[in-house]
Novice: 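The structure's right below; bear with me while I get my questions together.
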Amino acid sequence: MTTAQNGVRVEPSAKRVRVYLGGRPVADSSRPLLVWENPYYPTYYFPAGDVDRDLLVADGETAHSPERGDAEVFTVKVGPAAARGAAQHYEASPVEELRGHFRFEWEAMDSWFEEDEEIFVHVRSPHTRIDVLPSSRHIRVDIDGVTIAETRNARLLFETGLPTRYYVPQTHVRMDLLERSDTVTRCPYKGTARYWSIRAGDRLHTDLAWSYPTPLPESQKAAGLIAFYKVDIYVDGVLQVDPKRR
């Protein structure tokens with residue numbers, strides 16, 4: 001059951017979640033809490049009994065949150081590996097559900113697992129859904145008056161809270177106008193994306209096209225297809241308005 005107290009949304013999770021540093025599990029719980037510290041995705045909080053306290057060294061510091069209260073700060077130390085200030089313990093939080101729980105800084109840990117699957121970037125929200133659907137609608141992608149892609153064989157990716165993205169087969173893209181970029185981004189729902197810049201006339205538009213060569217299972221149907229950003233996309237002749245461009 002989801003609860004909200006002091007502006008903090010809390011929801012129990014039934015997943016077994018493990019956090020590793022230096023090859024050892026720092027926390028291993030089948031009863032973690034999902035805590036929305038921001039509106040977009042949650043963070044895992046672990047009951048104190050599911051945390052290896054022998055790996056924690058008190059820093060003598062306190063971290064304050066207006067919503068969650070004061071937390072005692074710990075360094076996580078496993079042999080030569082040390083993550084300073086990476087653990088916080090909420091003993092007397094104004095949010096009752098958080099009392100006696102630990103949170104860990106995501107980037108400070110070596111790896112995170114839900115059950116036996118490693119997760120990346122941040123915790124996945126159970127309320128975010130990915131749907132990738134085939135579409136025979138006519139999709140045309142233009143930039144500076146130049147058509148760079150056109151197809152009736154697109155895959156439409158619907159992701160909760162985000163604009164529809166139109167993924168086009170590479171054989172339907174003017175690949176001669178695309179230049180491979182060094183940019184790489186990671187998504188906890190879709191995987192690792194690699195980018196292209198687009199050359200239209202004398203201008204190079206940086207990182208406006210991307211693809212997931214080996215996406216995560218829920219996005220497999222978009223594998224190898226190319227999507228576009230900050231371009232003119234027409235669906236059955238109608239220009240789409242992307243709120244992200246405003």
Side-chain angles (χ1 to χ4, degrees), residues 1-128 160-162 185-192 216:
M1 180 179 67
T2 303
T3 61
Q5 186 179 353
N6 210 35
V8 179
R9 177 181 168 191
V10 180
E11 182 176 317
S13 174
K15 295 175 181 175
R16 180 190 181 189
V17 178
R18 285 170 285 178
V19 186
Y20 283 80
L21 182 71
R24 286 187 58 179
V26 177
D28 183 346
S29 182
S30 297
R31 50 182 185 147
L33 296 177
L34 289 162
V35 180
W36 275 261
E37 298 177 347
N38 66 64
Y40 310 108
Y41 55 83
T43 298
Y44 277 124
Y45 278 59
F46 299 87
D50 296 339
V51 174
D52 190 340
R53 300 290 293 270
D54 292 338
L55 304 179
L56 304 184
V57 180
D59 288 356
E61 299 177 0
T62 299
H64 176 72
S65 163
E67 297 81 18
R68 290 169 277 128
D70 293 330
E72 185 179 3
V73 178
F74 294 82
T75 288
V76 184
K77 194 172 190 315
V78 182
R84 179 168 174 77
Q88 298 175 356
H89 181 222
Y90 288 86
E91 183 62 41
S93 172
V95 182
E96 184 176 355
E97 291 93 333
L98 304 188
R99 295 172 189 167
H101 284 72
F102 281 85
R103 75 181 294 280
F104 296 90
E105 295 294 337
W106 183 274
E107 295 293 343
M109 299 294 100
D110 287 342
S111 55
W112 294 72
F113 286 82
E114 290 179 339
E115 297 297 336
D116 291 339
E117 180 176 306
E118 188 172 3
I119 57 175
F120 303 95
V121 186
H122 59 70
V123 178
R124 295 182 289 200
S125 171
H127 306 292
T128 294
T160 304
L162 294 177
T185 60
R186 302 175 85 183
C187 170
Y189 309 101
K190 299 187 288 292
T192 300
L216 295 174

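A quick note: this is a predicted structure, and the numbers were derived from the prediction, not measured.
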Novice: Which residues pass the salt bridge (Lys or Arg N to Asp or Glu O under 4.0 Å) test with E114, not counting sequence neighbours?
Specialist: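 Result, salt bridge (Lys or Arg N to Asp or Glu O under 4.0 Å) vs E114: K15, R124.
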Novice: Please report the interatomic distance CH2(W106) to OG1(T43), rounded to the nearest 0.5 Å.
Specialist: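 Interatomic distance, W106 CH2 to T43 OG1, rounded to 0.5 Å: 8.5 Å.
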Novice: Are the side chain of R99 and the backbone N or O of S93 linked by a donor-acceptor pair below 3.5 Å?
Specialist: yes
Novice: Just jot down the side chain to side chain contact (heavy atoms under 4.5 Å, CB included) partners of R16, sequence neighbours excluded, or say none.
Specialist: R18, D28, S30, E115
Novice: Quick one: ring-ring contact (aromatic ring centres under 6.0 Å, His included) partners of F120, sequence neighbours excluded?
Specialist: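 Here no residue qualifies.
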Novice: What pair of heavy atoms forms the shortest contact from E67 to V95, and how long is it?
Specialist: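 Heavy atoms of E67 and V95 come nearest at O-CG2, 3.6 Å.
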Novice: Please name all residues satisfying ring-ring contact (aromatic ring centres under 6.0 Å, His included) with Y189, sequence neighbours left out, ordered by chain then number.
Specialist: none
Novice: Once you round to the nearest 0.5 Å, how far does NE2 of H122 lie from OH of Y41?
Specialist: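 Between H122 NE2 and Y41 OH, I get 5.5 Å after rounding to 0.5 Å.
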Novice: Distance check, rounded to the nearest 0.5 Å: Y44 atom OH versus L33 atom CG?
Specialist: 10.5 Å
Novice: Per the salt bridge (charged side-chain N to carboxylate O under 4.0 Å, His left out) rule, what does the pair list look like for residues 34-47, sequence neighbours excluded?
Specialist: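 For residues 34-47, and leaving out neighbouring residues, the salt bridge (charged side-chain N to carboxylate O under 4.0 Å, His left out) pairs sorted by first residue read E37-R68, E37-R103.
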Novice: Would V8 and V35 count as a side chain to side chain contact (heavy atoms under 4.5 Å, CB included) if you check the C-alpha gap in whole Å, the side-chain angles of each, and the deciding distance to 0.1 Å?
Specialist: CA-CA 7 Å; V8 179; V35 180; 3.6 Å; yes
Novice: Output the distance between atom CG (D50) and atom CZ (R31), rounded to the nearest 0.5 Å.
Specialist: 4.5 Å
Novice: To check you understand the geometry: which heavy-atom pair defines the closest contact between G22 and V78, and what is its length?
Specialist: O-CG1, 3.8 Å
Novice: Quick one: pull up CH2 in W36 and OG in S125 and give me the separation to the nearest 0.5 Å.
Specialist: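 These two atoms lie 5.0 Å from each other.
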Novice: Locate the shortest heavy-atom distance separating L55 from P25; write the atom from each residue and the value.
Specialist: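 It is CD1-O, 4.0 Å.
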Novice: What residues, two or more places apart in sequence or in another chain, satisfy salt bridge (Lys or Arg N to Asp or Glu O under 4.0 Å) together with D52?
Specialist: R24
Novice: With R53, which residues qualify under salt bridge (Lys or Arg N to Asp or Glu O under 4.0 Å), at least two apart?
Specialist: none
Novice: Less than 4.5 Å apart, side chain to side chain, heavy atoms only: is that true for V17 and F46?
Specialist: yes
Novice: ring-ring contact (aromatic ring centres under 6.0 Å, His included): which pairs involve residues 52-84, sequence neighbours left out?
Specialist: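 Sorted result for residues 52-84: F74-F102.
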Novice: Taking all non-hydrogen atoms of both residues, which atom of A48 and which atom of H89 are closest, and how far apart?
Specialist: CB-NE2, 4.4 Å
Novice: Who pairs with T75 by side-chain hydrogen bond (donor to acceptor under 3.5 Å, both in side chains), at least two apart in sequence or on another chain?
Specialist: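 Only D59 meet the side-chain hydrogen bond (donor to acceptor under 3.5 Å, both in side chains) criterion with T75.
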Novice: What is the minimum heavy-atom distance between L21 and A108, and which atoms define it?
Specialist: CD1-O, 3.7 Å
Novice: Run the side chain to side chain contact (heavy atoms under 4.5 Å, CB included) check on L34 and V10 step by step: do they pass?
Specialist: CA-CA 6 Å; L34 289 162; V10 180; over 6 Å; no
Novice: Determine whether T185 and T192 make a side-chain contact, defined as any pair of heavy atoms from C-beta on separated by less than 4.5 Å.
Specialist: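 They are not in contact (no side-chain heavy atoms under 4.5 Å apart), so the answer is no.
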Novice: Does A71 have any side chain to side chain contact (heavy atoms under 4.5 Å, CB included) partners at least two apart in sequence or in another chain, and if so, which?
Specialist: Q88, Y90
Novice: Walk me through whether H101 and E91 qualify under side chain to side chain donor-acceptor pair (under 3.5 Å).
Specialist: CA-CA 7 Å; H101 284 72; E91 183 62 41; over 6 Å; no
Novice: Report the residues that fulfil side chain to side chain contact (heavy atoms under 4.5 Å, CB included) with V121, sequence neighbours left out, ordered by chain and then residue number.
Specialist: R186, P188
Novice: Taking side chain as C-beta onward, heavy atoms only, is L56 less than 4.5 Å from V76?
Specialist: yes
Novice: So, for P42 and V123, which heavy atoms are closest and what is the spacing to 0.1 Å?
Specialist: O-CB, 3.2 Å
Novice: Nearest 0.5 Å, what's the OH-CG distance between Y20 and D110?
Specialist: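 Between atom OH of Y20 and atom CG of D110 there are 11.5 Å.
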Novice: Who are the side chain to side chain contact (heavy atoms under 4.5 Å, CB included) partners of T160, not counting sequence neighbours?
Specialist: T128, R129
Novice: Using the side chain to side chain contact (heavy atoms under 4.5 Å, CB included) rule, take I119 and F113 through it: C-alpha gap first, then chi angles, then the decisive distance, then the call.
Specialist: CA-CA 6 Å; I119 57 175; F113 286 82; over 6 Å; no
Novice: Compute whether any side-chain donor of one residue and acceptor of the other, for E11 and H127, lie under 3.5 angstrom apart.
Specialist: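 Per modelled atom types, E11 and H127 side chains form a pair under 3.5 Å.
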